[in-house]
Colleague: 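To start, I am sharing the structure in question, which I have written as structure tokens.
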Amino acid sequence: MAKFETQVGIVGAGPAGLMLSHLLHQQGIASIVLEAKQRSYCEERVRAGVLEHTSVEMLRDAGVAKRLNREGLRHEGIELGLGGQLHRIPFVELTGKAVTVYGQQEVVKDLISQRLSDGGDLRFECGEVSLHDLEGDCPSIRVEKEANVDIVSCDYIAGCDGFHGISRSSIPPRALTVYDRTYPFAWLGILAEAAPSREELIYMHHERGFALYSMRSPRITRLYLQCKPDEDLAEWSDDRIWSELHTRLGCSDGWRPTEGKILQKGMTGMRSFVVEPLKFGRLFLAGDAAHIVPPTGAKGMNLAFADVHYLAEALREKYRDNNDAKLDAYSATCLSRIWKAQRFSWWMTSLLHLFDDASPFDRKRQIAELEYVTSSRAAATSLAENYVGLPLD
Ligand code: FAD
Ligand code: DHB
């Protein structure tokens, strides 16, 4: 059995765990990151693509935005589609801020590379992790791999291991309140080798279901289709996917998405989920370990960054001034922002998707809401200020 000591033990090397480890390092606080998967898995998993203004600023301030500044695609607005007509929501004009399209796996690559060049202790394929003595002064993480057991003793543990990780389930259920909502649909997402033929993302409401036109780089497009929650991917040939994308995304001005080789297909479930509080003893939850949003508002990765911003600040005050106030307030501070992002993600999802059980009244109300958002500067500004990211402080 090998024993290790660190100040903060971090479970999970996704955006939350890696960014936290980096922010702590900048404040002279040591951490060990324990990750179940291989480095290549973390670096290649295609997920989020939109960084809020707030997240871009955070990555810049943290000195990890060199490639993001070079390769990220600045988007000054999005287009909302209704009945084949597009209506632009001009973020910069309405809020003075833009968003940046830059793949989550690129952020993860940049953070891993920065941590390793700073001598960070990242342990990929670490083995099976369990958390102990969370309510005591010296919690620990046990890591078991084949016949080998490591014990990492820490001052604090950050549970950054995503929705299916072990951190949240290490907290006794009696200590948590769960808020949960599932949606009666999912997204079928593809990555295609096709140059984007539109400058901005298109969120399209269509009578056959929602469709999203997005991108990753000057060569790669990312597209999504609303589908059944139990949709069988095997039933979606490349031809069927393109045909459905043409039908739903086709615009009255004749624009259609450009086709290309489909590099990847996948399904994403739609769920809103929050646990309260984000703290149990010396364990702090951050990112998807504590909350998930349906992807329509592009908030998941951004919320993960906001959580670790607050956690790093709180730990800095603790170590520098021996002041617990921000650690004590961590959960409430995060939750205030999390619930606003939950509201926005629920609202964007409800605005744009087709609900099988919608009554004729619901349908009329939904169309009226879309017409309102696309015609009222006040309504568009509300969408824009949430999409570019609410301020952190
Ligand atoms: P994760 O990225 O899930 O990282 C958790 C890490 O912990 C993983 O590496 C995992 O392997 C590891 N782990 C799990 N269990 C253990 C264990 N027991 N021991 C050790 N390690 C463990 N968000 C946006 O902001 N914008 C978007 O445009 C967007 N689009 C999305 C599109 C799709 C298709 C999907 C699926 C998600 C999207 N999201 C988006 C959400 C975003 O990807 C997540 O919110 C984000 O990954 C959360 O980061 P995290 O670090 O909290 O968790
Ligand atoms: C992407 C994903 C989203 O959920 C979204 O709202 C916008 C873009 C994307 O993967 O590019």
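One-based numbering along the sequence shown. Please read all numbers here as calculations on a predicted model, not as lab measurements. Counting starts at 1 for both ligands and their atoms, in listed order.
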Colleague: Quick one: is the NZ or CZ of Arg168 closer than 6.0 Å to the six-membered ring centre of Phe280, and within 45° of its axis?
Modeller: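 Not satisfied by the 6.0 Å and 45° rule.
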Colleague: My understanding is that only one of Glu200, Glu93, Glu79, Glu199 makes a salt bridge (Lys or Arg N to Asp or Glu O under 4.0 Å) with Arg88; could you say which?
Modeller: Glu200
Colleague: Tyr203 heavy atoms, cut-off 4.0 Å: which ligand 2 atoms fall inside?
Modeller: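 Heavy-atom distances to Tyr203 below 4.0 Å select 5 (C), 6 (O), 7 (C).
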Colleague: Can you confirm whether the side chains of Ser113 and Asp110 place a donor and an acceptor under 3.5 Å from each other?
Modeller: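 Not at all, the side chains of Ser113 and Asp110 share no donor-acceptor pair under 3.5 Å.
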Colleague: Between the candidates Trp187, Tyr224, Tyr41, which shows the shortest non-hydrogen contact distance to atom 32 (C) of ligand 1?
Modeller: Tyr224
Colleague: Less than 4.0 Å is my threshold; does some heavy atom of Met348 fall inside it relative to ligand 2?
Modeller: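 So Met348 does not count as touching ligand 2.
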Colleague: Number the atoms of ligand 2 from 1 as they appear, then name those within less than 4.0 Å of a heavy atom of Leu201, with their elements.
Modeller: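 What qualifies from ligand 2 is 7 (C), 8 (C).
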Colleague: Quick check on Gly189 - does any of its heavy atoms sit under 4.0 Å from an atom of ligand 1?
Modeller: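 It does not; every heavy atom stays at 4.0 Å or beyond.
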Colleague: Would you say Glu128 contacts ligand 1, with heavy atoms under 4.0 Å as the rule?
Modeller: no
Colleague: Count the heavy atoms belonging to other residues, nucleotides or ligands that lie under 6.0 Å from NZ of Lys109, then report whether that count exceeds 12.
Modeller: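 Counting other residues, nucleotides and ligands, NZ of Lys109 exceeds 12 neighbours.
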Colleague: Give me the other members of the hydrophobic cluster that Ile151 sits in, counting Ile, Leu, Val, Met, Phe, Trp and Tyr linked by side-chain heavy atoms under 4.5 Å, directly or via other members.
Modeller: Met1, Val149
Colleague: Of all the heavy-atom pairs spanning Leu285 and Ala290, show the shortest one and how long it is.
Modeller: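 The answer is CB-CB, 3.9 Å.
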Colleague: Answer side chain, backbone, both or neither: which part of Val101 comes under 4.0 Å from ligand 2, heavy atoms only.
Modeller: neither
Colleague: For atom 34 (C) of ligand 1, state which one of Asp288, Leu212, Thr268 supplies the nearest heavy atom.
Modeller: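 Selected option, by shortest heavy-atom distance: Thr268.
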Colleague: To check your reading of the model: name the closest protein heavy atom to atom 18 (N) of ligand 1, its residue, and the distance in Å.
Modeller: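 Going by distance alone, atom 18 (N) of ligand 1 is nearest to Ile166 CG1, 3.6 Å.
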Colleague: Taking the six-membered ring for Trp, is the centroid-to-centroid distance between Trp187 and Phe210 below 6.0 Å?
Modeller: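 Yes, close enough.
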Colleague: I'd like to know if Glu385 pairs up with Lys97 as an ion pair, taking the criterion as any Lys NZ or Arg NE/NH1/NH2 lying under 4.0 Å from an Asp or Glu carboxylate oxygen.
Modeller: no
Colleague: Looking only at distances, please establish whether an N/O atom of ligand 1 is found under 3.5 Å from an N/O atom of Ala16.
Modeller: yes
Colleague: Which atoms from ligand 2 have a heavy atom of Ala298 less than 4.0 Å away?
Modeller: 5 (C), 6 (O)
Colleague: Please say whether Met301 places an N or O atom under 3.5 Å from an N or O atom belonging to ligand 1.
Modeller: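 There is such a contact, yes.
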Colleague: Give me the nearest non-hydrogen protein atom to atom 11 (O) of ligand 1 as residue plus atom name, then the distance to 0.1 Å.
Modeller: Glu35 OE2, 2.6 Å
Colleague: Counting heavy atoms not belonging to Glu125, are there more than 12 under 6.0 Å from its CD?
Modeller: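 Buried by this count: over 12 neighbours within 6.0 Å.
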Colleague: What protein heavy atom lies closest to atom 21 (N) of ligand 1? Include the residue and the distance to one decimal.
Modeller: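 Ranking protein heavy atoms by distance from atom 21 (N) of ligand 1, first comes Ala36 N, 3.1 Å.
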Colleague: For atom 19 (N) of ligand 1, which of the options Asp307, Leu285, Val11 provides the nearest non-hydrogen atom?
Modeller: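 It is Val11 whose heavy atom sits nearest to atom 19 (N) of ligand 1.
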Colleague: Geometry only, no angles: is Gly300 polar-contacting ligand 1 at N/O separations under 3.5 Å?
Modeller: yes
Colleague: Using a 3.5 Å cut-off on N or O atoms only, is Lys37 in polar contact with ligand 1?
Modeller: no
Colleague: Give the residue, atom name and distance (to 0.1 Å) of the protein heavy atom nearest atom 4 (O) of ligand 1.
Modeller: Gly14 CA, 3.4 Å
Colleague: Of the protein's non-hydrogen atoms, which lies at the shortest distance from atom 1 (P) of ligand 1, and what is that distance?
Modeller: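 Of the protein heavy atoms, Arg47 NH1, 3.6 Å lies nearest.
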Colleague: Atoms of ligand 2 less than 4.0 Å from Pro295 heavy atoms?
Modeller: 3 (C), 4 (O), 5 (C), 6 (O)
Colleague: Please could you name the atoms of ligand 2 that Tyr224 approaches to less than 4.0 Å, counting only its heavy atoms?
Modeller: 1 (C), 2 (C), 9 (C), 10 (O)
Colleague: Who's the nearest protein heavy-atom neighbour of atom 27 (C) of ligand 1, and how far?
Modeller: Ala48 CB, 3.2 Å
Colleague: Starting from atom 42 (C) of ligand 1, which protein heavy atom do you reach first, and at what distance in Å?
Modeller: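 Result: Gln104 OE1, 3.4 Å.
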Colleague: Nearest protein heavy-atom contact for atom 53 (O) of ligand 1: which residue, which atom, what distance?
Modeller: Gly162 CA, 3.8 Å
Colleague: Can you check whether His353 and Phe185 have ring centres sitting under 6.0 Å from each other?
Modeller: yes
Colleague: Can you confirm if the NZ or CZ of Arg123 lies within 45° of the ring axis of Phe4 and under 6.0 Å from the centre of its six-membered ring?
Modeller: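 Checked: cation-pi criterion met.
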Colleague: Please state which option from Pro15, Cys42, Gly287 has its nearest heavy atom closest to atom 49 (O) of ligand 1.
Modeller: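 Nearest option to atom 49 (O) of ligand 1, by heavy atoms: Pro15.
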Colleague: Check this for me - ligand 1, Phe163, N or O atoms closer than 3.5 angstrom, yes or no?
Modeller: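 No, there is no polar N/O contact under 3.5 Å.
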